[in-house]
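A short write-up of the structure that comes next.
Since we're looking at a predicted model, the values are computed, not measured.
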Amino acid sequence: MLIDSHCHLDFPDLYDRFDDIRENMAANGVIGALCVAVNLEDFPKLLDLVSRAPELYASVGVHPDYNDVREPDVETLTSLARHPKILAIGETGLDYYRTPANELDWQRERFRIHIRAARACGKPLIVHTRSSAPDTIAILQEEGAREAGGVMHCFTEDWPCARAAIEMGLCISFSGIVTFKSATALREVAVKVPDDALLIETDSPYLAPVPHRGKTNEPAFVRHVAEYLAQIRGVSLERIAELTTANFDRTFRRV
C-alpha cells in the first residue's frame with residue numbers, strides 16, 4: 001500500500017479527472033495522497049476537493065515562487081491548518097532559479113513565516129528548494145524547524161543537503177526524477193537515505209516517472225517511483241511501501 005506524499009490535484013490537468021484518478025490510485029495500490037497548496041486564493045477549492053474523498057488530504061501555504069498572490073501570515077496559516085483534512089504547512093521554501101538571491105528578501109521572510117506557523121500549530125513543513133539549498137538549510141536551522149519536522153519534497157540536491165535536513169528531523173521525498181536517465185547523482189543520494197527518512201511522491205501533474213515520462217503525471221504513478229527505489233536499494237516493493245507509508249503516517253500525524 002503506497003501513499004503519494006505530494007501532488008496537485010486541483011491543477012487544471014487533473015481537477016476534471018477526479019473519479020478516474022481515484023480509480024487509478026486504487027488499481028495501483030495507492031491508498032492516499034497529500035494535495036499540496038500553492039496559494040491562499042485557491043485554498044477553498046483545494047479543501048473542497050480533498051473533502052470529497054477519505055483518502056485525500058491537503059496542506060495550506062504559499063509556494064515560494066508565487067510573487068503576485070496574497071501574502072500569508074502566521075495567524076492565517078495556523079487558523080486554516082485547524083481543519084482535520086489539513087496535515088501540513090506548505091509548500092514553502094526558497095526558489096532562486098529565476099531570480100537572483102539578492103532580490104528575494106520577501107521570499108526568505110515568507111519561508112520564515114511558514115516555519116513559525118508550523119511550530120505554532122504543530123503541523124509539519126513541506127519544503128521546496130531550488131538553486132537555494134544553503135539558504136534553505138540555514139533558515140530551517142535558524143527558525144527551529146526541528147520542532148515541526150516535515151519533508152524536503154521532490155528532492156534533487158546532494159547528500160550533504162539531505163543529511164542536514166535529516167538531522168533536523170525532515171524526511172527526504174523522491175519523485176519521478178529519480179527514474180530519469182540523467183539522475184545518476186540523485187540515485188546515489190536515494191540509496192543513502194535511511195529507511196526512517198524515506199518518502200515518495202509524484203508532484204503531479206509534473207515529472208511523470210519512467211515509463212510515463214513526458215505525460216501528465218498522477219498519483220497512481222507513484223508506484224513506479226517506489227518500484228525504482230526498491231530496485232536501487234536492493235529491497236522489495238513491499239518493503240518500500242511499508243517504510244514510506246509508515247514514515248508518512250508518522251511525519252504527517254495521519255489518523
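For the side chain to side chain contact (heavy atoms under 4.5 Å, CB included) test, residues two or more places apart in sequence or in another chain that qualify with D195 are R233, R239, L243. In this structure, D158 has no side-chain hydrogen bond (donor to acceptor under 3.5 Å, both in side chains) partners at least two apart in sequence or on a different chain. Scanning for ring-ring contact (aromatic ring centres under 6.0 Å, His included) contacts around H114 gives an empty result, with sequence neighbours left out. Residues satisfying the side chain to side chain contact (heavy atoms under 4.5 Å, CB included) test with V69, not counting sequence neighbours, are N39, E41, V62, Y66, R110. For F155, the ring-ring contact (aromatic ring centres under 6.0 Å, His included) test picks out no residue, with sequence neighbours left out. D65 meets the side-chain hydrogen bond (donor to acceptor under 3.5 Å, both in side chains) test with R98; sequence neighbours excluded. Residues forming a side chain to side chain contact (heavy atoms under 4.5 Å, CB included) with A145 (at least two apart in sequence, or on another chain): I115, L125, L140. Under the ring-ring contact (aromatic ring centres under 6.0 Å, His included) criterion, F180 pairs with no residue, sequence neighbours left out.
Cation-pi geometry between K45 and Y15 is met: the NZ or CZ atom falls under 6.0 Å from the ring centre, inside 45° of the normal.
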Less than 3.5 Å apart, which donor and acceptor atoms pair up between the side chains of residues 206-214 and the rest of the protein, not counting sequence neighbours?
from : atom 1 : to   : atom 2 : distance (Å)
H212 : NE2    : H224 : NE2    : 3.2

Pair up each side-chain donor or acceptor in residues 49-56 with any protein partner under 3.5 Å, not counting sequence neighbours, and list the distances.
from : atom 1 : to  : atom 2 : distance (Å)
S51  : OG     : L47 : O      : 2.7
E55  : OE1    : R22 : NH2    : 3.2
E55  : OE2    : R22 : NE     : 2.6
E55  : OE2    : R22 : NH2    : 3.3

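Closest non-hydrogen pair, V189 versus E157, comes out as CG2-O, 3.8 Å.
Placement of L94 and I113 within a single hydrophobic cluster is found when ILVMFWY residues are connected by side-chain heavy-atom separations under 4.5 Å, directly or transitively. Both V191 and V178 belong to a common hydrophobic cluster when Ile, Leu, Val, Met, Phe, Trp and Tyr are linked at side-chain heavy-atom distances under 4.5 angstrom.
Residue pairs meeting the ring pair (Phe, Tyr, Trp, His ring centres under 6.0 Å) criterion with at least one partner in residues 184-205, sequence neighbours excluded, do not occur; the list is empty. Applying the salt bridge (charged side-chain N to carboxylate O under 4.0 Å, His left out) test to pairs two or more places apart or on separate chains, those with a residue in residues 140-155 are R112-E142, R112-E143, R116-E143, R119-E147.
In the model, E218 has a side-chain atom that pairs as donor or acceptor with a side-chain atom of N24 under 3.5 Å.
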Q: Give the intermediate values and the outcome of side-chain contact (heavy atoms from CB on, under 4.5 Å) for residues V30 and M1.
A: CA-CA 6 Å; V30 181; M1 298 297 184; over 6 Å; no
(Q) Between W159 and V193, is the side-chain contact (heavy atoms from CB on, under 4.5 Å) condition met? List the steps. (A) CA-CA 9 Å; W159 173 242; V193 170; 4.1 Å; yes
Q) Checking side chain to side chain donor-acceptor pair (under 3.5 Å) for the pair T129/S132: CA distance, chi angles, key distance, verdict? A) CA-CA 6 Å; T129 185; S132 58; 3.0 Å; yes
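Among L199, L198, T179, V222, the one residue that satisfies the side-chain contact (heavy atoms from CB on, under 4.5 Å) test with F174 is L198.
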